Amino acid sequence: MSHRRTAVQFGAGNIGRGFLAQLFYESGFEVVFVDVVDTVVENLNARHEYPIHIVGEDAETVSIRNVRAVHGKSIAQVAQEVATAEVLCTAVGANALPYIAPALAEGLRLRHEQNGTPVNILLCENLHDASAVLRDHVSKYLPDAVREEILAKTGFVQAVVSRMVPVQTEADRASDPLSIRVEAYKRLPIDGSAVVGTLPEIVGVVKVPNFLAYVERKLYTHNCAHAVLGYVGHARGYQYGYEALQDTGVKDLLSAVLNETGKALVQKHGFSPQEHDAHIADLLRRFENRELGDTCLRLARDPLRKLAPEDRLVGAARLCESQLIVPTATAHAIAYALRHTDPSDPSTTTLQERIQTQGLESVLKEVCAIASTENLYHQITNFYQQFTP
């Protein structure tokens, strides 16, 4: 492909290599990865292709070809790629966004000088306001004289990633450092209102008008369900999420939580009830994919973050309350999270120590922003006190 329609993908990890590159490759782009893991960069440049193994009912191996990589520390090289790309994308993790900003800014400055065409950056980060965060970081590195002009031609476009990628084992990595196992799901909703100029056609990318609705649906359906499965499944002695789903006790509580959040999402955002029910059914079917091998402990990791006021559990309860739906099942799931133990997870250990030393009331107030005068507080504490896995 000498005419080089390129897509620059910051981050060659599970999502970058295991999802986004497939969309770009199938859309006819050369994929240029930007990463700082030496072995990954070297292998991509030596081979220019790698396999992804789609697991589950429609198992197949897909070759992702026409790829190369630039080391993230080579700012001048990264900038050259950014200057000529048709689309940019990030999947680096929220904490790494500040580190890609200098090269990105330099590339946007070069682009402004060389051809002046607008460009969009698809942000595939698990961060509520990733677009504003990255825009601010990039802005700091742009020259004063052209800053506003460059920012006006750059779309910082949030996306909702829902493809599930199982944890890659040491054995997987040893057999091939580029190979990756993924599920078949291949849809990427993006914030249509943030696109600047025209976005090239990309397989799987869907511009949605009311993007917040999709962000909330992902958080209070997909992420919420994963957390519930992790906490309840582990408490009832299961190792894997798909095993826990075979237990009617687990499945009944999970379905009750999704029923509460589903009603709230339909009322708030106007999703069609039939379409939302189908979305939940599809999600549960995907969770049952034993090939993904997701453990309950992984799904439950970091309860301090998952119990934050706007995150997947307490945020789901607040969403229900805002729509005058009593979040009884969600309160029960929160009690499971507060009872969760896992010596290998520092967040869980800290949470349990705080409950022991400060008491449940203080933790609910400080971690979850739930006051002792609230109905939600009484529901959670009742479930907590009567707790039986």
Side-chain angles (χ1 to χ4, degrees), residues 6-72 87-96 100 122-126 159-188 202-205 218 222-223 226 240-242 283 285-295 297-299 301:
T6 60
V8 173
Q9 171 60 49
F10 286 85
N14 287 356
I15 299 300
R17 211 166 70 245
F19 178 37
L20 302 163
Q22 182 185 6
L23 306 185
F24 295 133
Y25 167 65
E26 289 179 3
S27 307
F29 290 96
E30 178 185 29
V31 184
V32 183
F33 288 102
V34 177
D35 206 280
V36 291
V37 180
D38 298 340
T39 50
V40 170
V41 172
E42 287 158 15
N43 272 279
L44 285 166
N45 285 329
R47 290 159 54 178
H48 300 293
E49 66 173 296
Y50 63 91
I52 60 173
H53 305 290
I54 292 167
V55 299
E57 292 165 20
D58 311 314
E60 62 170 325
T61 295
V62 178
S63 259
I64 308 299
R65 300 193 176 94
N66 202 23
V67 299
R68 56 190 173 86
V70 174
H71 202 286
V87 64
L88 312 172
C89 185
T90 79
V92 293
N95 297 335
I100 65 170
L122 307 183
L123 287 147
C124 300
E125 308 297 345
N126 209 354
V160 177
V161 174
S162 291
R163 171 175 275 187
M164 292 183 277
V165 180
V167 176
Q168 309 298 311
T169 63
E170 284 304 323
D172 291 338
R173 278 196 288 272
S175 68
D176 180 351
L178 296 184
S179 162
I180 205 156
R181 292 182 306 131
V182 300
E183 67 161 348
Y185 187 86
K186 200 169 75 173
R187 195 166 174 273
L188 186 71
I202 301 164
V203 169
V205 169
K218 164 87 191 299
H222 190 145
N223 299 120
H226 255 163
Y240 292 103
Y242 66 79
L283 200 56
R285 186 184 57 74
R286 289 161 59 201
F287 284 6
E288 284 169 356
N289 184 347
R290 56 185 48 230
E291 295 287 331
L292 287 173
D294 242 344
T295 66
L297 283 180
R298 192 182 89 86
L299 298 176
R301 271 190 90 75

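If you read the sequence from its start, that first residue is 1, and numbering goes on from there. Being a predicted model, the structure only gives us computed values, none of them experimental.
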Interatomic distance, Leu20 atom CG to Leu188 atom CG [nearest 0.5 angstrom]: 6.5 Å
Side-chain heavy atoms of His222 within contact of Leu283, under 4.5 Å: yes
Closest heavy-atom pair and its distance - Gly13, Asp35: N-OD2, 4.2 Å
Non-hydrogen atoms of Val55 and Asn289 that approach each other most closely: O-ND2, 3.5 Å
Distance in Å, Ile15 CD1 paired with Thr90 OG1, rounded so as to fall on 0.5 Å steps: 11.5 Å
Presence of salt bridge, Arg68 and Glu30, under 4.0 angstrom: yes
Student check: side-chain heavy atoms of Arg163 and Glu183 closer than 4.5 Å: yes
Heavy-atom side-chain proximity of Val31 to Asn66 below 4.5 angstrom: no
Aromatic plane relationship, Phe287 with His226 - under 30° parallel, 30 to 60° tilted, over 60° perpendicular: parallel
Stepwise side-chain contact (heavy atoms from CB on, under 4.5 Å) check, Thr6 with Phe29: CA-CA 5 Å; Thr6 60; Phe29 290 96; 5.8 Å; no
Nearest-0.5 Å distance, CZ of residue Phe33 to SG of residue Cys89: 10.0 Å
Val87 side chain reached by Phe24 side chain, heavy atoms, under 4.5 Å: yes
CZ/Arg290: more than 12 non-hydrogen atoms of other groups inside 6.0 Å: no
Least distance between heavy atoms, Leu292 atom then Met164 atom: CD2-O, 3.8 Å
Ile64 side chain near Glu49 side chain, heavy-atom distance below 4.5 Å: no
Contacts of type ring-ring contact (aromatic ring centres under 6.0 Å, His included), residue Tyr240, not counting sequence neighbours: Tyr242
Any donor-acceptor pair under 3.5 Å from Asn14 side chain to Val165 backbone: no
From Arg286 atom CZ to Asp294 atom CG, the distance as rounded to the nearest 0.5 Å: 11.5 Å
Stepwise side-chain contact (heavy atoms from CB on, under 4.5 Å) test for Lys218 and Ser162: CA-CA 8 Å; Lys218 164 87 191 299; Ser162 291; 3.4 Å; yes
Atom of Ser63, atom of Tyr25 and distance for their closest heavy-atom approach: O-CE2, 3.3 Å
Nearest heavy-atom neighbours spanning Ile54 and Val62: CD1-CG2, 3.7 Å
Step-by-step side-chain contact (heavy atoms from CB on, under 4.5 Å) determination, Arg17 to Leu178: CA-CA 8 Å; Arg17 211 166 70 245; Leu178 296 184; 4.3 Å; yes
side-chain contact (heavy atoms from CB on, under 4.5 Å) between His53 and Glu291, worked out: CA-CA 11 Å; His53 305 290; Glu291 295 287 331; over 6 Å; no
Interatomic distance, Leu299 atom CG to Asn223 atom CG [nearest 0.5 angstrom]: 10.5 Å
Euclidean distance, Asp176 CG relative to Asn43 CG, rounded to 0.5 Å: 7.0 Å
Where Gly72 and Val36 come nearest, the two heavy atoms and their spacing: CA-CG1, 4.0 Å
